[in-house]
Asks: 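If you scroll down you'll find the structure; I have some questions about it.
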Protein chains: 2
Amino acid sequence: MKLQQLIYLIAIADNNLSITKAAEKLFTSQPGISKQLRLLESELETKIFIRNGKQLVGVSELGEEIINRARKVLHEINHIKNISNLANESESGNFSIATTQTQAQYALPKVFANFHKRYPQLTIDLQQGTSEQILSQLQKQEVDFAIASGNIELGANIVKIPCFQWDRTVLFPQDHPLGDLRKITLEDLAKYPIVTYPSMGPAEKSSLKDAFNKVKLEPNIVFTARDADVIKTYVRNGFGIGIVASMAFSPKQDRDLLGYSTKDILPRCTTWLAFNKNMFLKKYMKDFINDFAPHISKEQLSRYLHQDYTSSLQLANSIEKNEDDASLPMHQMWHI
Amino acid sequence: MKLQQLIYLIAIADNNLSITKAAEKLFTSQPGISKQLRLLESELETKIFIRNGKQLVGVSELGEEIINRARKVLHEINHIKNISNLANESESGNFSIATTQTQAQYALPKVFANFHKRYPQLTIDLQQGTSEQILSQLQKQEVDFAIASGNIELGANIVKIPCFQWDRTVLFPQDHPLGDLRKITLEDLAKYPIVTYPSMGPAEKSSLKDAFNKVKLEPNIVFTARDADVIKTYVRNGFGIGIVASMAFSPKQDRDLLGYSTKDILPRCTTWLAFNKNMFLKKYMKDFINDFAPHISKEQLSRYLHQDYTSSLQLANSIEKNEDDASLPMHQMWHI
DNA sequence: TGGGCTTACGTGTTACGTAACGATC
DNA sequence: GATCGTTACGTAACACGTAAGCCCA
């Protein structure tokens with residue numbers, strides 16, 4: 001017995017016992033329904049309908065009973081479908097995101113402003129941590145989304161969507177010798193002690209160190225902090241020059257500091273959003289992704305979600321090689 | 001959504017969330033269940049089970065709801081299946097059979113003796129009539145079964161099962177000149193007036209007349225009756241010689257008559273059982289067929305029932321040509 | 001003769017089994 | 001390293017659409 005057969009059965013019963021009309025209503029062929037009805041009757045070893053020749057002219061006693069039960073079945077089936085749709089479209093609950101201080105402080109507020117207006121019932125739980133901690137929370141399914149930067153390896157069960165790019169900015173006090181230079185090189189930076197983000201554990205390779213090493217230089221990192229504002233404080237106090245995400249530096253607010261973009265001497269960083277492959281995206285989650293990474297079309301998102309084995313490999317490779325990133329938008333500056 | 005998927009779902013839920021065990025219980029492959037579960041979850045856009053890596057370790061909130069609904073669905077489905085099975089296995093009700101006097105009187109009593117013991121609750125409604133009347137009742141679905149003999153054409157919507165064969169017997173009073181003969185020929189019979197069954201209307205050709213005509217003789221049929229006992233009475237009263245079904249003549253009970261089998265000079269007759277193609281056989285009907293025509297195996301019966309177009313043609317042809325009849329058993333003599 | 005159901009047939013889809021792979025304890 | 005789930009792939013079954021056939025009003 002197939003659900004489709006029950007759908008056909010009810011359609012016939014609801015259309016004056018006309019197979020032709022039932023077929024029209026269901027946008028399918030009349031012989032198809034005819035055949036499935038006969039298969040159903042044959043499986044049940046019962047004539048559900050009374051026939052006059054080939055024409056259906058009535059419902060048998062058993063047929064009534066069967067039709068009633070079939071209605072119940074379809075009703076339950078629809079309910080099952082609705083359960084998940086409603087859940088997927090729910091606008092309340094808890095939406096948890098693990099992210100880094102920089103993203104939480106400088107990239108997310110603008111996004112959440114819109115998002116919260118759309119979903120006022122939704123409690124947003126923003127968890128801060130290192131990339132390691134974020135990854136761990138994601139793997140334990142303690143959070144729905146993770147947002148971070150860096151080349152950390154996430155594993156096969158996690159979907160990783162590149163969202164935007166950003167450059168670093170070198171910060172130093174107004175009276176620092178670097179302020180006299182038109183153009184700053186890696187050699188210049190290597191001369192001074194550096195305060196920046198920590199290279200975040202064994203799973204991640206530091207693209208900053210890499211860039212220095214490539215030209216046979218060794219950066220003198222004297223202090224690291226996860227919080228861009230902490231880094232700025234240490235720079236102000238003369239510990240060294242700071243290297244932070246460009247969006248964490250605002251010439252207007254940080255008037256006592258000078259900032260030089262490193263876009264010509266250091267590689268760009270990519271901020272990505274990740275979640276467990278085996279989690280279904282509720283509507284608000286999709287909306288959030290759209291707010292946070294508007295360049296990702298529905299089709300692209302769907303490709304990330306339903307990637308089969310081969311395309312998954314391709315995607316992983318292209319992400320690995322940052323092939324996608326060339327087309328990624330730069331982060332738009334925005335301050336509260 | 002497929003019913004099969006719901007069955008798999010429940011099996012997983014009922015087997016400690018083990019896909020492997022569910023597969024064993026259902027005698028199917030483990031990858032098959034795994035895949036269908038993922039298809040179901042994907043269609044519903046919901047994770048029914050909570051996973052630890054690939055292992056299922058729990059049921060999600062929505063999953064509980066879905067599983068409960070799925071149980072209801074399968075329960076209703078089983079009920080639908082039971083409805084018809086119960087009906088098919090019902091042992092009470094009305095079982096109507098239209099037949100001829102000869103069958104009712106001489107062939108059926110033995111069968112009904114057993115059958116009635118098995119189905120004491122079943123009211124058997126035996127209707128007597130001419131072949132024409134029997135056919136008409138069958139076509140109007142006034143009776144479940146028809147049992148008769150003769151070459152009557154039944155039409156495409158009726159299933160006709162050959163049951164057994166019988167010969168005719170020539171009857172005459174003890175002092176009749178035929179009693180002096182060792183062997184009786186058609187020529188001998190043609191010399192005397194004959195009392196026999198009527199040739200039953202335009203739809204049927206009389207095999208008796210045919211046999212005479214083939215050797216350029218014309219039988220002198222002076223009297224016809226549907227009832228073998230009536231025929232015997234007329235024979236006793238000198239209206240002529242009788243030709244009746246062999247099973248209607250009992251040397252012990254009809255001591256005043258002599259009977260000669262015509263098996264060498266007249267063709268055998270076949271008694272068949274017929275019913276509408278669009279009627280499903282209840283269990284007691286199948287049992288009746290088995291009692292009445294024990295040589296028909298379940299497989300053969302099923303072939304008669306589910307014959308497709310080609311085999312239907314073949315069957316019709318083989319019945320038409322009496323190809324089957326060579327293997328049909330002769331009627332076993334039996335008197336009350 | 002037209003409307004309605006069935007039969008016939010080709011085709012694209014899919015369920016499922018086997019085998020290989022992968023992860024997890 | 002054993003157990004359990006997933007991926008891959010071939011095959012057989014099946015649903016469904018088109019077209020033709022059949023029957024009844």
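Note that the coordinates shown come from a computational prediction; the quantities given were computed from them, not determined experimentally. Values below: all heavy atoms of this structure, side chains included; hydrogens, waters and symmetry mates excluded. Quick note on labels: first sequence line is chain A, next is B, and so on, each numbered from 1.
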Asks: Below the 4.0 Å mark, does dC5(C) have OP1 or OP2 next to a side-chain nitrogen or oxygen of R38(A)?
Replies: no

Asks: Please give, in whole Å, the distance from dC24(D) P to K54(A) NZ?
Replies: 8 Å

Asks: Please confirm whether the shortest side-chain N or O distance from K35(A) to OP1 or OP2 of dT6(C) is below 4.0 Å.
Replies: no

Asks: Side-chain N or O of S34(B) less than 4.0 angstrom from OP1 or OP2 on dT7(D)?
Replies: no

Asks: Side-chain N or O of R51(B) versus OP1/OP2 of dG5(D): is the shortest distance under 4.0 Å?
Replies: no

Asks: State which of dT18(C), dC16(D), dG5(D) makes the closest approach to the side chain of S29(A).
Replies: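 So the nucleotide nearest the side chain must be dC16(D).
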
Asks: Does dG17(C) have OP1 or OP2 sitting under 4.0 Å from an N or O in the side chain of T28(B)?
Replies: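 The answer is yes; a side-chain N or O of T28(B) sits under 4.0 Å from OP1 or OP2.
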
Asks: If I take atom CD in residue Q139(A) and atom P in nucleotide dA23(C), what distance separates them, rounded to the nearest angstrom?
Replies: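 Rounding to the nearest Å, CD of Q139(A) and P of dA23(C) are 13 Å apart.
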
Asks: Please give, in whole Å, the distance from dT6(D) C1' to L56(B) CG?
Replies: 12 Å

Asks: Test Q4(A) against Q36(A) for side-chain hydrogen bond (donor to acceptor under 3.5 Å, both in side chains), laying out the working first.
Replies: CA-CA 8 Å; Q4(A) 191 72 312; Q36(A) 291 307 314; over 6 Å; no

Asks: dA15(D), OP1 or OP2 - any side-chain N/O from Q36(A) closer than 4.0 Å?
Replies: yes

Asks: Expressed in angstrom and rounded to an integer, what is the separation of E24(A) atom CD from dG3(C) atom C1'?
Replies: 12 Å

Asks: Could you state the CG-C1' distance from L17(B) to dT3(D), rounded to the nearest angstrom?
Replies: 16 Å

Asks: Tell me: CD of Q30(B) to P of dA19(C), nearest whole Å?
Replies: 15 Å

Asks: Just by distance, do the side chain of E65(A) and the backbone of S84(B) share a donor-acceptor pair under 3.5 Å?
Replies: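 Checked: no pair found.
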
Asks: By nearest nucleotide on DNA chain C, pick out whichever of P31(B) and L39(B) is the more 5' one.
Replies: L39(B)

Asks: Which part of the nucleic acid, if any, lies within contact of Y8(B), taking any heavy atom under 4.0 Å across all strands shown: a base, the sugar-phosphate backbone alone, or nothing?
Replies: sugar-phosphate

Asks: Which value, rounded to the nearest 0.5 Å, describes the distance between R69(B) atom CZ and N82(A) atom CG?
Replies: 9.5 Å

Asks: Can you check whether N276(B) reaches I158(B) side chain to side chain, under 4.5 Å on heavy atoms?
Replies: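 They are in contact (side-chain heavy atoms under 4.5 Å apart), so the answer is yes.
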
Asks: For a quick check of understanding: with a heavy-atom distance under 4.0 Å over all strands, which category does Q4(B) fall into, base, sugar-phosphate or nothing?
Replies: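 Answer is sugar-phosphate: Q4(B) comes under 4.0 Å of backbone atoms only.
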
Asks: Using the side-chain hydrogen bond (donor to acceptor under 3.5 Å, both in side chains) rule, take D125(B) and Q127(B) through it: C-alpha gap first, then chi angles, then the decisive distance, then the call.
Replies: CA-CA 6 Å; D125(B) 178 16; Q127(B) 309 212 20; 3.2 Å; yes

Asks: Check the surroundings of atom NZ in K21(B): do more than 12 heavy atoms from other residues, nucleotides or ligands lie under 6.0 Å from it?
Replies: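 Not more than 12 within 6.0 Å, no.
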
Asks: In whole Å, what is the span from the CD1 atom of I33(B) to the C1' atom of dC4(D)?
Replies: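 Rounded to the whole Å, the gap is 13 Å.
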
Asks: From C-beta outward on T20(A), which listed nucleotide comes closest to its side chain: dG5(D), dG4(C), dT6(D)?
Replies: dG4(C)

Asks: Taking only side-chain N and O atoms of N52(A), does any of them lie within less than 4.0 angstrom of OP1 or OP2 on dG4(C)?
Replies: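 No, no such contact exists.
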
Asks: Between atom CD in Q55(A) and atom P in dC5(C), what is the gap in whole Å?
Replies: 5 Å

Asks: With DNA chain D as reference, determine whether G53(A) or Q5(A) sits nearer its 5' end, using the nearest nucleotide of each.
Replies: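 Residue closer to the 5' terminus by nearest nucleotide: Q5(A).
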
